[in-house]
Amino acid sequence: TIFTHRQESTQPFTQVVEITDTTYDPAVWGQNFPLQYEGFRATSEFDVAEMVPNDPPNTADDQRGEYLTLSKLAIEPRLVSIWKGYAFSVEYREPRGHEWMLIDQQWTHRQTNFNQVGACLNCHASLPEIMDSLGNGDQAAGWAAMNKLPYGEAVQHASGPIACIDCHEPGTMKLRITRPAFVEGIKAVKASEGIADYDVNRDATNQEMRAYVCAQCHVEYYFKGDEKTLTFPWTEGLTANDAIAFYDNVGFSDFKHATTEVSVIKAQHPDFETWSQGIHASNGVTCADCHMSYMREGAAKISDHQVASPMRSEATINQSCLTCHHSSAAEMQQRVDTIHQRWEDAKNVSFTAVQALIDDLTAAVQSGTATPEQLAQAGDFQRKAQFIVDYSVSENSRGFHAPAYSISILNQATDYARSGQLVLRGVDVDNARGPETYDIQPVEPPAR
Amino acid sequence: TIFTHRQESTQPFTQVVEITDTTYDPAVWGQNFPLQYEGFRATSEFDVAEMVPNDPPNTADDQRGEYLTLSKLAIEPRLVSIWKGYAFSVEYREPRGHEWMLIDQQWTHRQTNFNQVGACLNCHASLPEIMDSLGNGDQAAGWAAMNKLPYGEAVQHASGPIACIDCHEPGTMKLRITRPAFVEGIKAVKASEGIADYDVNRDATNQEMRAYVCAQCHVEYYFKGDEKTLTFPWTEGLTANDAIAFYDNVGFSDFKHATTEVSVIKAQHPDFETWSQGIHASNGVTCADCHMSYMREGAAKISDHQVASPMRSEATINQSCLTCHHSSAAEMQQRVDTIHQRWEDAKNVSFTAVQALIDDLTAAVQSGTATPEQLAQAGDFQRKAQFIVDYSVSENSRGFHAPAYSISILNQATDYARSGQLVLRGVDVDNARGPETYDIQPVEPPAR
Amino acid sequence: MLQWIKDRWHDFTRAFTGWMGVTLAALIGIILGVGIFTMYYAGFTSYFGNDPATCNQCHAMNEQYNAWQKGSHADVAGCNDCHAPHDNLVLKYANKAENGFMHSLKFTLQNYPENIQIREHNRRVTEAACVYCHGNFVDQIKNDSNHRGETLSCIRCHDGVGHMR
Ligand SMILES: [Ca+2]
Ligand SMILES: [Ca+2]
């Protein structure tokens with residue numbers, strides 16, 4: 001009622017328990033911040049309509065509960081094609097809320113049927129506790145140890161999914177970065193922009209932190225060297241092409257494609273990098289603005305800790321988008337639908353081309369008809385084209401985070417894939433030449 | 001009530017002279033509306049830095065004044081390639097302000113050295129006077145007569161470029177449509193949306209008219225049949241693909257390409273159609289909002305009749321964009337630059353492919369090596385691919401009016417052009433297939 | 001379940017627009033008495049006054065109040081100059097009563113969205129208020145709309161005028 005509302009506004013935070021560097025359990029933090037905690041736990045909710053039954057549920061081999069998310073391999077079977085020879089061709093699903101991250105990782109066939117390493121835990125478990133536990137207090141040592149341990153061993157040190165301590169500094173509640181991979185990654189980005197010696201926990205603005213905390217995980221990554229150090233490929237910049245350049249420079253490939261024998265790169269969830277190319281980012285609109293928008297709880301305004309799609313209900317669209325867009329929820333939904341549809345169409349153009357190249361290359365390898373140069377060139381086109389399409393499909397907003405950019409990279413992928421097919425037919429291919437590289441004169445006008 | 005009375009005060013202007021249906025001269029209107037007239041005449045202004053000297057100026061063969069605009073054929077020489085065999089390969093320049101429209105048309109080599117028809121005047125002269133004069137008062141008859149007359153004869157009836165009477169109803173000053181081609185065109189669009197019997201001058205809202213008056217000219221067109229009736233290809237809808245479908249259905253081509261012998265279509269300035277695919281249009285932001293934004297003149301607010309780029313100065317950016325975007329002029333310029341750059345890059349990807357296809361087809365025609373089926377299929381790909389690239393380049397905002405849409409059609413053009421090349425090598429090509437058309441199963445996981 | 005109840009309640013309260021709404025709201029209001037209580041608590045009598053502070057009795061209005069104070073109109077127009085009809089006293093108070101009741105009801109039940117959105121009839125009142133003050137200045141630009149029997153929308157462009165979000 002109005003009385004309590006008036007009262008609430010005077011005392012938003014109550015310190016019930018003391019929070020220290022070793023208060024790993026979010027339930028304890030929740031005593032001080034019950035509203036945030038409630039939202040945080042609600043990331044376990046999902047829409048049953050977007051799920052398939054896990055039949056039978058909770059066997060010894062699969063503890064993922066009664067439901068699994070939809071299979072992306074079934075929705076887009078060409079993904080199987082580009083990933084032949086890699087764990088992803090076996091199982092790949094829609095993500096769900098944060099509360100599921102550890103369970104979903106533990107029981108995916110990509111994990112259970114392959115030899116994975118502890119580095120996987122970086123983004124699927126509460127990290128401070130693991131680092132402390134494995135390093136005996138020396139977090140850097142703990143991290144190094146975790147990365148290269150076999151997954152099954154490393155996961156013993158994990159007590160649960162992401163927790164308050166992963167994003168907040170105990171005591172002050174300031175946002176903070178807890179992932180060494182991001183500390184290094186963003187340092188490289190800033191260096192490439194001419195900013196030396198960037199220390200994210202010292203130099204980032206609050207606004208930046210509202211994106212950076214997410215960018216610890218929602219980014220493209222690889223495991224570097226024998227140390228399996230989790231690394232973000234950002235020294236050249238944050239675009240898809242910058243990532244390709246990075247991997248080419250360091251000579252990294254994730255796997256050899258089973259039928260084309262090309263060394264290719266796997267792209268994972270470049271949500272942050274893609275967002276950074278869009279108009280929201282250039283206007284300082286962050287992940288938290290849309291995915292953790294402010295909401296009224298009594299008289300207090302808090303950040304909605306039920307991190308999820310802002311489009312999930314009229315109320316959440318209102319709470320996030322309408323803060324800035326003086327429009328209606330229906331109109332915002334319409335805009336997002338248009339963007340998704342346009343991206344989907346563009347993806348189909350590119351993916352059809354990529355599939356055609358893979359089929360051609362597979363045939364060429366089998367028949368042995370192509371020259372080694374042709375195979376090498378066409379293979380390089382496959383590497384680039386499929387990385388870009390993978391990048392765009394693995395990005396979770398289906399084009400929304402940067403609509404024009406997302407389609408522009410797909411345009412390149414189309415060009416690369418078709419070029420690969422041409423190379424196999426002995427054609428010399430040029431790509432993306434500027435007008436200044438041509439020498440074509442206007443035609444002389446006919447006499448009057 | 002008081003408000004409705006105020007809103008309904010229908011004669012806000014000081015009437016110095018009477019304006020009738022035959023007051024063709026804008027200077028007379030200007031006596032009643034000096035501020036609008038002043039802006040209107042100022043469309044003769046231009047930035048000398050964007051011009052080249054017309055050397056020597058004002059000869060008997062060329063009355064275009066001391067300066068000409070930059071040659072687009074020099075800026076993008078691949079345009080010459082796609083237009084070989086057509087007047088456009090001879091001269092094509094950047095446009096300038098409305099005051100120049102008649103002069104620029106009269107003296108372009110596309111006009112002087114080719115046989116053009118009166119239909120050209122639809123968009124380069126004040127039309128009501130010509131229709132009245134040629135039809136002796138029957139405007140429909142006058143229009144029909146004008147369209148098919150040789151240009152040299154028709155132009156005798158033109159007394160100048162666009163005037164007030166082309167956009168305004170004398171007396172009320174209501175916006176009105178004076179071009180029969182648009183009346184028919186928009187009727188077809190509305191019909192395709194399920195609205196029967198649309199009469200634009202009766203049914204359009206003020207907001208719509210603020211775009212429609214421009215859409216009488218800033219649109220893709222062709223001259224239909226022997227009557228040379230100016231026609232807009234809109235029965236299928238307003239996208240680039242809709243236009244291709246239209247021309248394929250009616251079996252129209254503008255010319256036979258000189259070296260590939262393919263029947264191709266020429267695209268001209270689809271500013272309106274492109275705008276209609278963008279987010280501004282879906283939010284009801286019209287041409288006039290940006291290109292004729294309101295300005296304060298003493299105690300009144302008027303529409304800036306100096307129709308031009310809103311980006312031409314900080315003041316105009318402020319007056320147009322900043323009304324809705326709570327940002328700075330520099331930031332808006334930055335956004336536009338980013339959009340232009342991204343579009344430019346995408347255009348280069350596509351145009352390189354189109355040029356390659358034309359080179360390949362030209363060689364195939366010369367050498368006679370390809371089968372008739374291959375030539376037909378590759379030719380169809382050329383027709384589509386070059387139309388789309390032409391469409392995108394001829395659109396005047398370099399991607400701005402609909403950034404994601406513009407790049408998405410370029411992605412299709414890339415695919416078509418490369419597919420044409422593949423067809424010439426005997427490849428069966430598929431384009432833009434949906435995921436549901438594939439049957440690829442996930443790989444079985446290896447045993448644990 | 002709670003969401004379902006909220007949604008149904010939402011539908012129900014959406015019915016309270018226009019004149020029908022005024023009557024309905026008044027009737028049901030008397031039966032429930034809830035909203036009336038809040039109106040009283042929030043300063044029933046001052047709701048009908050002209051002091052913007054009245055509106056700010058509810059923290060629901062804080063955002064607008066604070067923004068209004070910083071906005072271009074703080075010195076020249078109070079809430080009611082834009083949000084109450086200017087033309088006739090009966091309408092003015094009927095409108096206020098309806099709004100006052102609606103807001104109180106929703107405030108009490110906390111049944112309003114994070115970002116409050118102006119309802120269509122209130123938007124029209126506000127747009128008319130713009131013209132009330134700026135009539136002469138915008139005479140010319142309204143010409144075409146007037147001839148088409150439309151009302152030119154000012155907030156299509158000037159959405160931040162009263163209180164920038
Ligand atoms: Ca990767
Ligand atoms: Ca045309």
Side-chain angles (χ1 to χ4, degrees), chain A residues 71 73-78 80-81 84 89-91 109 112-114 279 282-283 327 334-335 338-339 342 345-346 348-353 355-356 403-405 407-408 410-412 414-415 418-419 421-422 425 427 429-435 438-448, chain B residues 71 73-78 80-81 84 89-91 109 112-114 279 282-283 327 334-335 338-339 342 345-346 348-353 355-356 403-405 407-408 410-412 414-415 418-419 421-422 425 427 429-435 438-448:
Chain A
S71 163
L73 298 180
I75 298 172
E76 178 50 90
R78 286 170 288 200
V80 176
S81 267
K84 283 247 167 90
S89 63
V90 158
E91 183 173 18
H109 290 300
T112 54
N113 300 50
F114 294 83
I279 202 164
S282 64
N283 281 275
S327 180
Q334 174 61 48
R335 281 196 209 173
T338 306
I339 292 168
R342 197 164 273 156
D345 290 346
N348 282 337
V349 169
S350 306
F351 223 152
T352 305
Q355 180 66 48
Y405 166 76
I407 297 180
S408 78
L410 286 173
N411 183 33
Q412 291 186 305
T414 306
D415 194 39
R418 295 298 188 196
S419 296
Q421 289 185 276
L422 285 165
R425 274 83 190 178
V427 182
V429 187
D430 269 346
N431 301 93
R433 286 174 55 180
Y438 289 85
D439 180 26
I440 307 169
Q441 296 306 317
V443 173
E444 274 301 308
R448 300 197 181 183
Chain B
S71 163
L73 298 181
I75 298 172
E76 177 50 271
R78 286 170 288 199
V80 176
S81 266
K84 283 246 168 92
S89 62
V90 159
E91 183 173 17
H109 289 300
T112 55
N113 300 51
F114 294 83
I279 202 165
S282 64
N283 281 274
S327 180
Q334 175 60 49
R335 281 196 208 172
T338 307
I339 292 169
R342 198 163 271 156
D345 291 346
N348 283 336
V349 170
S350 306
F351 222 153
T352 305
Q355 180 66 47
Y405 166 75
I407 297 180
S408 79
L410 286 173
N411 183 32
Q412 291 187 305
T414 306
D415 193 39
R418 294 299 187 194
S419 296
Q421 290 184 276
L422 285 164
R425 274 84 191 179
V427 182
V429 187
D430 268 347
N431 301 92
R433 286 173 56 179
Y438 290 85
D439 181 26
I440 307 169
Q441 297 306 316
V443 172
E444 274 302 308
R448 299 194 183 188

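Lettering follows sequence order; numbering is per chain, from 1. The structure presented is a predicted model; accordingly, all values stated were derived computationally and were not measured.
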If you take all heavy atoms of Arg78(B) and Pro435(A), which pair is closest and at what distance?
NH2-N, 3.4 Å

Checked Val80(A), Leu73(A), Leu422(A) vs chain B; the most non-hydrogen pairs under 4.5 Å come from Leu422(A)

Kindly write out the residues that satisfy side chain to side chain contact (heavy atoms under 4.5 Å, CB included) with Asp430(B), not counting sequence neighbours, or none if the list is empty.
Thr352(A), Arg433(B)

Pair count under 4.5 Å, heavy atoms only, with chain A: among Thr112(B), Val429(B), Thr338(B), highest is Thr112(B)

Side chains of Pro442(A) and Ser89(B), heavy atoms from C-beta outward: is any pair under 4.5 Å?
no

Counting only heavy atoms closer than 4.5 Å, note whether Asn283(B) contacts chain A via side chain, backbone, both or neither.
side chain

Verdict with supporting geometry, Glu444(B) and Val90(A), side-chain contact (heavy atoms from CB on, under 4.5 Å):
CA-CA 6 Å; Glu444(B) 274 302 308; Val90(A) 158; over 6 Å; no

Ranking Pro403(A), Pro445(A), Ala353(A), Ala346(A) by heavy-atom pairs under 4.5 Å to chain B gives rank one to Pro445(A)

Heavy-atom pairs under 4.5 Å with chain B - which of Arg342(A), Gln441(A), Arg425(A), Gln355(A) has more of them than the others?
Arg342(A)

Is the closest side-chain heavy-atom distance between Asp439(B) and Pro77(A) below 4.5 Å?
no

Can you list the steps and then say if Arg335(A) with Ile279(B) is a side-chain contact (heavy atoms from CB on, under 4.5 Å)?
CA-CA 8 Å; Arg335(A) 281 196 209 173; Ile279(B) 202 165; 3.5 Å; yes

List in chain and number order the residues that pass side chain to side chain donor-acceptor pair (under 3.5 Å) with Gln421(A), two or more places apart in sequence or in another chain; answer none if no residue qualifies.
Asp360(A), Arg418(A)

What distance separates Ile407(B) CD1 from Ser408(A) OG, expressed to the nearest 0.5 Å?
5.0 Å

Without swapping roles, check the side chain of Asn113(B) against the backbone of Ala447(A) for a donor-acceptor pair under 3.5 Å.
no

Pair Asn411(A)-Thr414(B), side-chain donor/acceptor within less than 3.5 Å
yes

Proximity breakdown for Tyr405(B) and chain A, heavy-atom pairs closer than 4.5 Å
both

